[in-house]
Asker: 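Can you read through this structure? Questions will come right after.
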Number of protein chains: 2
Amino acid sequence: MLDGLARPGRGRIVKNRLKVLRAERDWSQQDLAQRLEVSRQSVNAIETGRYDPSLPLAFRIAALFDMPIEAIFTPD
Amino acid sequence: MLDGLARPGRGRIVKNRLKVLRAERDWSQQDLAQRLEVSRQSVNAIETGRYDPSLPLAFRIAALFDMPIEAIFTPD
DNA sequence: ACTCAATGTCTAGGTTGCTTTACATTCTTG
DNA sequence: CAAGAATGTAAAGCAACCTAGACATTGAGT
């Protein structure tokens with residue numbers, strides 16, 4: 001069987017509630033970054049929608065806030 | 001304030017139940033790839049644990065199987 | 001045995017995720 | 001206004017995700 005074709009543009013940009021969850025706890029982006037063990041710029045980039053987190057990072061975020069991934073991220 | 005330090009090695013490798021879910025439906029990797037609009041190699045690589053899907057792709061997988069992400073992927 | 005679908009793996013190349021460094025802007029508080 | 005804290009961005013570089021194409025092996029039919 002022939003290998004399948006797949007379109008070039010992968011789906012992207014998942015909305016998230018990070019900024020709100022962070023505000024509820026009065027954490028700075030820096031605070032959150034340290035708890036997630038990523039850089040502050042990564043937190044900022046995710047919050048401002050420049051890119052999506054990896055799946056492992058999404059799991060760390062969900063664990064930190066003790067919520068399912070779907071309660072924080074939505075595929076818009 | 002100084003920018004924070006972050007460790008080099010990012011967390012990776014999330015276990016998944018793709019192969020089982022696929023078998024339950026009697027889908028080939030190719031079938032699944034088409035439904036997800038990714039290449040067959042991507043499906044195979046994810047199943048064999050060579051890499052994790054992106055968050056957007058994880059959402060597409062969860063939507064396809066009508067399950068929460070956490071029911072398919074676990075951060076080991 | 002032959003054929004063909006299915007799977008596993010490899011290469012090469014492009015795009016995204018994440019890092020460090022650095023700088024500008026905004027907001028608060030003295 | 002001055003000084004710091006928080007935030008937004010940008011560039012360069014490396015690692016991870018994803019692609020198309022190709023090839024080898026395995027298993028199921030016929």
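Below, chain A is the first sequence line, B the second, and so on; all start at residue 1.
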Asker: Using a strict heavy-atom distance below 4.0 Å, which residues from residues 63-73 of chain A are in contact with DNA chain C?
Answerer: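 Close to the strand, none.
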
Asker: Quick one: salt bridge (Lys or Arg N to Asp or Glu O under 4.0 Å) partners of A/K15, sequence neighbours excluded?
Answerer: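 Testing A/K15 for salt bridge (Lys or Arg N to Asp or Glu O under 4.0 Å), a comparison that skips the adjacent residues, returns A/D76.
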
Asker: Using whole Å, report how far CZ of A/R22 lies from P of D/dG8.
Answerer: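 It works out to 7 Å between those atoms.
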
Asker: Between D/dC18, C/dG17, C/dG8, which one does the side chain of A/S54 approach most closely?
Answerer: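 Among D/dC18, C/dG17, C/dG8, the one nearest the side chain of A/S54 is C/dG17.
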
Asker: For the helix from C/dA1-D/dT30 to C/dG30-D/dC1, figure out the bend between the end axes, five pairs an end, and round to 10 degrees.
Answerer: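 The helix from C/dA1-D/dT30 to C/dG30-D/dC1 shows an end-to-end axis angle of 40°.
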
Asker: To the nearest Å, how far apart are B/N44 CG and D/dA22 C1'?
Answerer: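 Computing the B/N44:CG to D/dA22:C1' distance gives 15 Å.
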
Asker: Who passes side-chain hydrogen bond (donor to acceptor under 3.5 Å, both in side chains) against A/T74, sequence neighbours left out?
Answerer: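 A/T74: no side-chain hydrogen bond (donor to acceptor under 3.5 Å, both in side chains) contacts found.
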
Asker: Contact between B/N44 and B/R50 at the side-chain level, heavy atoms closer than 4.5 Å - yes or no?
Answerer: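 Result yes, sub-4.5 Å side-chain heavy-atom pair found.
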
Asker: Between B/R60 and B/E37, is there a salt bridge with N-O shorter than 4.0 Å?
Answerer: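 Result for this pair is no, no salt bridge flagged.
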
Asker: From the options C/dT9, C/dG17, D/dT9, select the nucleotide whose nearest atom is closest to the side chain of B/R50.
Answerer: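 Looking only at side-chain atoms, B/R50 lies closest to C/dT9.
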
Asker: Nearest to the A/S39 side chain among C/dT20, D/dC17, C/dG17, which nucleotide is it?
Answerer: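 Closest of the options to the side chain of A/S39: C/dT20.
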
Asker: Rounded to whole angstroms, how far apart are NZ on B/K19 and P on C/dG8?
Answerer: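 Going from NZ in B/K19 over to P in C/dG8 covers 5 Å.
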
Asker: Once you round it to whole Å, what is the distance between C1' of D/dT9 and CD of A/E47?
Answerer: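 Rounded to the whole Å, the gap is 14 Å.
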
Asker: In whole Å, what is the span from the CD atom of A/Q30 to the C1' atom of D/dG4?
Answerer: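 Taking atom C1' of D/dG4 as the reference, CD of A/Q30 is at 14 Å.
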
Asker: Can you list every ring-ring contact (aromatic ring centres under 6.0 Å, His included) pair that touches residues 47-76 of chain B, not counting sequence neighbours?
Answerer: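 The answer is B/W27-B/F65.
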
Asker: Which whole-number value in Å describes the distance from A/L32 CG to D/dA6 P?
Answerer: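 Taking CG of A/L32 and P of D/dA6, I get 13 Å after rounding.
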
Asker: Please state how far atom CD in B/Q41 lies from atom P in D/dC23, giving the value in whole angstrom units.
Answerer: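 After rounding, the reported distance stands at 14 Å.
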
Asker: Under the side chain to side chain contact (heavy atoms under 4.5 Å, CB included) rule, collect the residues that match up with B/A71, sequence neighbours excluded.
Answerer: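 For B/A71 the side chain to side chain contact (heavy atoms under 4.5 Å, CB included) partners, ignoring immediate neighbours, are B/M67, B/P68.
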
Asker: How close or far is atom C1' of D/dA15 from atom OH of A/Y51, stated in whole angstroms?
Answerer: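 That distance rounds to 13 Å.
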
